[in-house]
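A quick write-up on the structure given underneath.
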Amino acid sequence: MAARPRIRFRAVDKRFGTESILERLDLTVRSGEFLSIVGRSGTGKSTMLRIVAGLEQPDGGEVRIDGELAVAFQEPRLIPWLSVGRNLTLGLTGRDRAVVAERALAEVGLEDKQRAWPLTLSGGQAQRASLARALARKPDILLLDEPLGAVDALTRLGLQELIGRLRNDHDLTVVMVTHDVDEAVRLSDRVIVLGEGRIQAEVPVPGRGPRHPDDPELAALGGRLLRALGVDGAA
Ligand SMILES: Nc1ncnc2c1ncn2[C@@H]1O[C@H](COP(=O)(O)OP(=O)(O)OP(=O)(O)O)[C@@H](O)[C@H]1O
């Protein structure tokens, strides 16, 4: 039996002024699925994610969300005058929130940074803290908007590995917006290409992430996505 839908878009329209961003968009994301959204700049990827998060309202159609959500953005958005640990417990209500935060930090390899100030973290560490903050909310659905867009290539590979592992360990449903097709195929079960208001291509990825960056199958799938994006395959 197919897993239950966590996110469902039915004929979703979104406009900004006279500009139509999404046109009668249909999408179902099932429980436990890792979906990536790629597309040229300005095609509405972040808008889609913001609609899922409830930060934007659609102009038409129906959006259904089943489960708790947490979001991590490209900028870690940690509050600079609170310790890393306090950034994580902020907004948590359980009596065990300190323990929850401690565990989440340990899961991302930052157990020694609980008392650190956010500004003393490297870019990669700050992004790990941001993931830990999302994890501490015990979400069913994790939304990632270009989470690794601002870190160097090597840190990026390590963080991809981490995201893949967290997803597996917590059986998360993940929707990630990325510009990096290699990252998308490395982590996802399915990649969609957004363009002109609709899903222009959909590429299922066999097996389960995180896949090894040298996996030869990834290059072929990445090539397919680049062609769907209208980018020359040799690029
Ligand atoms: N709050 C807003 N008000 C007006 N226009 C907006 C607003 N948010 C987004 N837009 C416009 O909607 C379009 C889609 O934006 P969005 O950020 O969703 O694209 P994107 O695919 O995520 O782009 P990028 O890859 O560059 O991040 C863009 O033309 C953008 O300027």
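When a ligand or atom number is given, it counts from 1 through the structure's own listing order.
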- Taking heavy atoms and a distance under 4.0 Å, where does T47 meet ligand 1: side chain, backbone, both or neither? both
- Item | Residue and atom name of the nearest protein heavy atom (relative to atom 26 (O) of ligand 1), distance in Å to one decimal | S41 OG, 2.5 Å
- Query: Short list, please: which atoms of ligand 1 are under 4.0 Å from a heavy atom of S46?
  - Reply: 17 (O), 18 (O), 20 (P), 22 (O)
- Do any nitrogen or oxygen atoms of G42 come within less than 3.5 Å of a nitrogen or oxygen of ligand 1? yes
- Salt-bridge contact R15-E23 (side-chain N to carboxylate O under 4.0 Å): no
- List the steps and the verdict of side-chain hydrogen bond (donor to acceptor under 3.5 Å, both in side chains) for R86 and T89. CA-CA 5 Å; R86 278 291 290 137; T89 52; 3.2 Å; yes
- Apply the test side-chain contact (heavy atoms from CB on, under 4.5 Å) to residues V177 and L144: give CA-CA distance (whole Å), side-chain angles for both, the deciding distance (0.1 Å), then the verdict. CA-CA 6 Å; V177 168; L144 302 172; over 6 Å; no
- Item | Step-by-step side-chain contact (heavy atoms from CB on, under 4.5 Å) determination, E107 to H170 | CA-CA 11 Å; E107 276 196 73; H170 296 273; 2.7 Å; yes
- Message: Can you tell me if E146 contacts ligand 1 (heavy atom of the residue under 4.0 Å from the ligand)?
- Response: no
- Verdict with reasoning, F9 to R64, per side-chain contact (heavy atoms from CB on, under 4.5 Å): CA-CA 7 Å; F9 275 37; R64 282 198 193 179; over 6 Å; no
- Query: Could E56 and R50 be called an ion pair, given the rule that one side-chain N must be under 4.0 Å from one carboxylate O?
  - Reply: yes
- Can you tell which of R50, K45, Q74, M48 gets a heavy atom nearest to atom 20 (P) of ligand 1? K45
- Note on the structure: For H179, the atoms of ligand 1 under 4.0 Å from one of its heavy atoms are 25 (O)
- Nearest protein heavy-atom contact for atom 13 (C) of ligand 1: which residue, which atom, what distance? I21 CD1, 3.5 Å
- Quick one: which ligand 1 atoms are inside 4.0 Å of a heavy atom on G44? 14 (C), 16 (P), 18 (O), 19 (O), 20 (P), 21 (O)
- Query: Does the protein place any heavy atom closer than 4.0 Å to atom 30 (C) of ligand 1?
  - Reply: no
- Item | Electrostatic pair D66-R4, nearest N-O below 4.0 angstrom | yes
- Message: Taking side chain to side chain contact (heavy atoms under 4.5 Å, CB included) as the criterion, tell me which of I163, L157, D180 meets it with L148.
- Response: I163
- Message: Quick test: of every protein heavy atom, which one is nearest to atom 11 (C) of ligand 1, and how far off is it to 0.1 Å?
- Response: F16 CD1, 3.7 Å
